[in-house]
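Structure first, then comments.
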Amino acid sequence: MRLDCYEEVKRLTEEMVNIPSINKEPGGETKVAEYVGNYYRSLPYFQEHPDHVKVFQTKDDFVVRHSTLAYVKGTKGTSKKAVIVIGHIDTVGVDDYTPIQEYAFKPAELPQKLMETFDLPQEVIDDINSGEYMFGRGALDMKSGVAGHMVILRYFSEHPELLDGSIVQIAECDEEDNSKGIITGIDELVALKEKEGFEYVACINADYSTNYNPGDENRYIYYGSIGKLLPCFCAFGKEAHVGQAFSAFDPNLLIAEVTRNMSLNTDLCDIAQGEVAIPPISLKQMDTKGPYTVQTALVGFSYYNFFTHGWSPADVLEKCYQVGVRSMNSVIEMLNTQYERFCRLSRVPFTPLPWKTRVYTWKTFIEELEEKYGQEFKDSLHDFTVKLHQEEPELDLRLFSLRVAEEAWKWHEDKSPALVIFFGSVHSARIEMTRKTEKECALLDAVEEAVEIVRPEAERQIKTRMFYPYISDSSFMTICDEPEAFNALGENMPSWKVKYFHDVDKIMQINVPVVNIGTFGRDGHMVTERVDMKQTFRNIPNITCETILKLLQ
C-alpha cells in the first residue's frame with residue numbers, strides 16, 4: 001500500500017507553522033490544537049463520531065493551553081488493540097531570528113530573508129537551492145510530524161475496513177518545557193481505555209531527528225528513548241568579609257568543582273546495547289546573593305543535564321553523590337593547601353581549616369531533620385512547599401526546588417558547609433527495548449518490515465537505532481526501571497507531589513513500547529531549522545502507516 005500524502009502533509013505543515021505556538025506564550029498552543037481538532041471535525045468519519053475528537057486543557061498549569069486527541073476504530077475485526085501516535089505542537093522561541101522574527105512562521109518567504117539577513121553556511125545555502133527543505137520555526141520540530149499523523153488518521157477514517165483495531169492520536173502542547181500536555185494526555189488515554197476497552201500495544205512518536213555528523217546522509221528511526229534526569233547540587237557555605245577570605249567557605253568554589261567533575265565527564269556516559277549517551281553538561285550555575293556586598297556568598301546552586309540508556313534514577317543519584325564527595329574533598333584539600341602557603345608567606349602559624357566533607361542526598365538530608373524535629377518539621381516544610389506553589393505557580397521548577405531546600409536548611413542547627421543533591425525537573429524516563437515482551441517483538445518486527453516495504457522508493461538511506469537521542473514525550477509511555485530503583489526519583493525531589501509528580505501507576509496502565517518514526521531535517525532549535533520534505537512528507541507517513549497495518553492486521 002502506498003499513501004499518496006506528500007502535498008497534504010506539506011499543506012498542513014505550512015499552515016500549522018503559520019500559527020505561532022511558542023511554549024507558554026498565551027493562545028498559540030491552543031490555536032494549533034484547535035486547528036488539528038477542526039481538521040478532524042471537517043471529515044465525514046468524525047462528523048458521524050463527534051465524540052472521537054476532543055480538544056482538552058492541560059491540568060495543574062498556570063498557562064491556559066490545550067492538546068487534541070482523536071481516534072479511529074477499525075472495522076476489519078473485533079480486536080481491542082490500539083496504537084497510540086503522538087507529536088507535539090509547541091515550539092521554542094524565535095529571538096534568534098532577530099531582526100526578521102515575523103518571517104520565522106512564513107516558510108514560503110523565510111529562505112530568501114535568511115539569505116538577505118545572515119551569513120549562512122554553504123550547507124544551508126545548498127539546502128535552500130535544492131528546494132527539498134521547508135524552513136520555519138516548528139517545521140522540523142515538529143509540526144510536520146503531527147501533520148503526517150493527521151493525514152494517516154484521515155486515511156484510516158476513510159478506510160476503517162483495513163484495521164483490526166484502533167488508532168489514537170494525541171497532538172500535545174508543552175513538550176518543550178514541563179510536558180504538561182502529555183501528562184494530561186495520559187489521563188485522557190486511561191479514560192479512553194476504560195470507555196472503549198482498548199488494549200494499547202505500541203506508541204509511535206514523530207519527533208525530529210537529524211544527521212549525526214557532517215556528511216552523514218542516513219535517515220534514522222529509533223526504538224525506545226533516551227532518559228533524562230536533572231541532578232541539582234545546592235552548596236551551603238560559610239560567609240565572611242572578603243578581608244577574611246580564609247574564614248569563608250565559598251559555595252561558588254564548591255559548585256565550580258562539581259561542574260568540573262560533572263560536565264562532559266565521559267565516565268558518566270551511560271552505555272547500553274552498544275549505544276553511548278552524551279555525558280552530562282552544565283545547564284545552570286549561580287549563587288543566591290542579591291545586590292553587591294563584600295560578604296562572600298551563602299548558597300551556590302547548579303544543575304546538569306544527565307542522559308541515561310540503562311541507568312535508573314537510583315544509579316544516577318549514586319554517581320552524583322560520588323561526584324559531590326570527590327568535589328568537596330578536593331575543595332577542602334585545596335583550601336588547606338592554599339591557606340598553609342598563605343600562612344607561610346605571612347610568617348604566621350598554620351592551623352588546618354575546620355571544614356569537613358558533608359554531602360547529603362535530599363532523602364538523607366530530610367531524614368536527618370525529621371529524626372531531630374519530627375512531625376513539626378514535616379508539617380512545616382510541607383506547608384511551605386504548598387504555599388510557595390500557590391503563591392508563585394509560575395516559578396521555575398528548578399528554582400522552586402532550590403527555595404524548598406533553602407527553607408529546610410533553616411532548620412539545621414549545624415551550619416557548617418554542606419552539599420545537598422536532589423532531582424529538580426520533569427523526569428524523562430529511559431525506554432529500552434530488548435524483545436523481552438510480545439509487544440516489543442511485535443513493534444520491532446512491524447517497523448523492520450515497514451522500512452523494507454518503503455525502502456525501494458525512499459530515495460534516502462534509512463537506518464534503525466535503539467535509543468532516540470533527544471528528550472521526548474515518548475518517555476511517558478512506560479517505565480523500564482524496577483520500582484525500588486525508580487523510587488529514588490520521588491524520594492529525592494523537593495517538588496514531589498506538590499509541583500511535580502510522575503504517576504507511575506497511571507503510566508503503567510498505558511505501558512507500551514515506543515518507536516520514533518519522526519521528521520528529519522537539520523538545525524532543530526536554530527534559525528536555520530528546516531525539514532527534509534521527501535523524507536518527512538512522503539516516506540515517514542508511509543513507514544508509519546505500514547507499521548500500523550502490521551500491528552493491527
Side-chain angles (χ1 to χ4, degrees), residues 8-41 53-70 85-98 100-110 134-151 153 169-185 188 205-208 394 426 470-474 476 518-519 521 523-531 536-537:
E8 180 73 349
V9 176
K10 181 180 179 181
R11 178 182 70 82
L12 295 176
T13 299
E14 186 165 1
E15 289 181 2
M16 283 192 285
V17 172
N18 289 160
I19 306 171
S21 55
I22 296 169
N23 187 281
K24 290 195 294 292
E25 287 198 356
E29 293 165 271
T30 293
K31 287 179 182 177
V32 180
E34 290 286 1
Y35 175 93
V36 176
N38 289 336
Y39 175 82
Y40 289 128
R41 294 184 187 106
V53 58
K54 179 180 182 180
V55 177
F56 60 91
Q57 185 175 340
T58 52
K59 298 178 181 177
D60 302 319
D61 198 355
F62 67 92
V63 181
V64 176
R65 50 187 164 185
H66 295 77
S67 303
T68 298
L69 180 147
V85 296
I86 63 173
H88 68 86
I89 55 176
D90 62 319
T91 74
V92 295
V94 293
D95 289 347
D96 49 342
Y97 285 86
T98 303
I100 56 167
Q101 287 186 15
E102 68 269 28
Y103 293 97
F105 307 107
K106 299 177 180 179
E109 302 172 59
L110 178 59
M134 178 187 288
F135 285 69
R137 177 61 81 227
L140 170 64
D141 185 18
M142 55 157 288
K143 291 176 178 178
S144 52
V146 174
H149 289 168
M150 292 164 69
V151 172
L153 252 71
Q169 184 205 12
I170 297 182
E172 74 271 14
C173 64
D174 190 35
E175 190 269 353
E176 298 289 359
D177 189 12
N178 288 327
S179 293
K180 288 187 178 294
I182 196 64
I183 290 172
T184 304
E188 297 293 332
N205 196 355
D207 216 334
Y208 93 94
E394 75 288 350
V426 173
Y470 310 116
I471 303 158
S472 80
D473 283 343
S474 297
F476 291 87
T519 70
D523 298 349
H525 290 205
M526 301 183 196
V527 68
T528 48
E529 174 183 345
R530 58 203 185 276
V531 64
T536 304
F537 300 170

Would you confirm whether [X], through its side chain, and [Y], through its main-chain N or O, come within 3.5 Å as a donor-acceptor pair?
X: Glu29; Y: Ile89; value: no
X: Asp90; Y: Glu175; value: yes
X: Glu529; Y: Leu140; value: yes
X: Thr68; Y: Val55; value: no

State the [atom1]-[atom2] distance between [X] and [Y], to the nearest 0.5 angstrom.
X: Thr519; Y: Arg530; atom1: OG1; atom2: CZ; answer: 13.0 Å
X: Thr536; Y: Lys10; atom1: OG1; atom2: NZ; answer: 13.0 Å
X: Tyr39; Y: Leu153; atom1: OH; atom2: CG; answer: 9.0 Å
X: Lys143; Y: Leu12; atom1: NZ; atom2: CG; answer: 12.5 Å
X: Asp174; Y: Thr184; atom1: CG; atom2: OG1; answer: 8.5 Å
X: Lys59; Y: Ile183; atom1: NZ; atom2: CD1; answer: 11.5 Å

Self-check item: Stepwise side-chain contact (heavy atoms from CB on, under 4.5 Å) test for Val36 and Met16
Solution: CA-CA 9 Å; Val36 176; Met16 283 192 285; 4.1 Å; yes

Quiz item: Does the pair Met150 and Tyr35 meet the rule for a side-chain contact (heavy atoms from CB on, under 4.5 Å), with working shown?
Solution: CA-CA 11 Å; Met150 292 164 69; Tyr35 175 93; 4.0 Å; yes

Can you check whether [X] reaches [Y] side chain to side chain, under 4.5 Å on heavy atoms?
X: Thr30; Y: Gln57; answer: no
X: Leu110; Y: Ile100; answer: yes
X: Asn18; Y: Pro107; answer: yes
X: Glu34; Y: Arg41; answer: yes

Non-hydrogen atoms of [X] and [Y] that approach each other most closely:
X: Ile170; Y: Gly185; result: CD1-O, 3.9 Å
X: Phe537; Y: Ser144; result: CE2-CB, 3.7 Å
X: Gly93; Y: Arg137; result: O-NE, 3.0 Å
X: Tyr97; Y: Gly136; result: OH-C, 4.0 Å
X: Asp95; Y: Thr98; result: O-OG1, 2.8 Å
X: Val146; Y: Ala171; result: CG1-CB, 4.0 Å

Between [X] and [Y]: side-chain donor-acceptor atoms closer than 3.5 Å:
X: Ser472; Y: Asp207; answer: no
X: His525; Y: Asp96; answer: no
X: Gln169; Y: Tyr40; answer: yes

Quiz prompt | Flag if over 12 foreign heavy atoms under 6.0 Å of NZ, Lys31 | solution = no

Practice problem: Report, as yes or no, whether the 6.0 Å neighbourhood of atom CG on Asp60 holds more than 12 heavy atoms from other residues, nucleotides or ligands. | Solution: no

Quiz item: With a 4.0 Å cut-off, would you call Glu8 and Arg11 a salt bridge?
Solution: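 Here Glu8 pairs with Arg11 in a salt bridge, since their nearest N and O are under 4.0 Å apart.
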
Quiz item: Could you walk me through whether Lys24 and Arg65 pass the side-chain contact (heavy atoms from CB on, under 4.5 Å) check?
Solution: CA-CA 8 Å; Lys24 290 195 294 292; Arg65 50 187 164 185; 3.7 Å; yes

Practice problem: Start with the C-alpha gap between Asn205 and Met142, add the side-chain angles, then the distance that decides, and say whether side-chain contact (heavy atoms from CB on, under 4.5 Å) holds. | Solution: CA-CA 10 Å; Asn205 196 355; Met142 55 157 288; 4.3 Å; yes

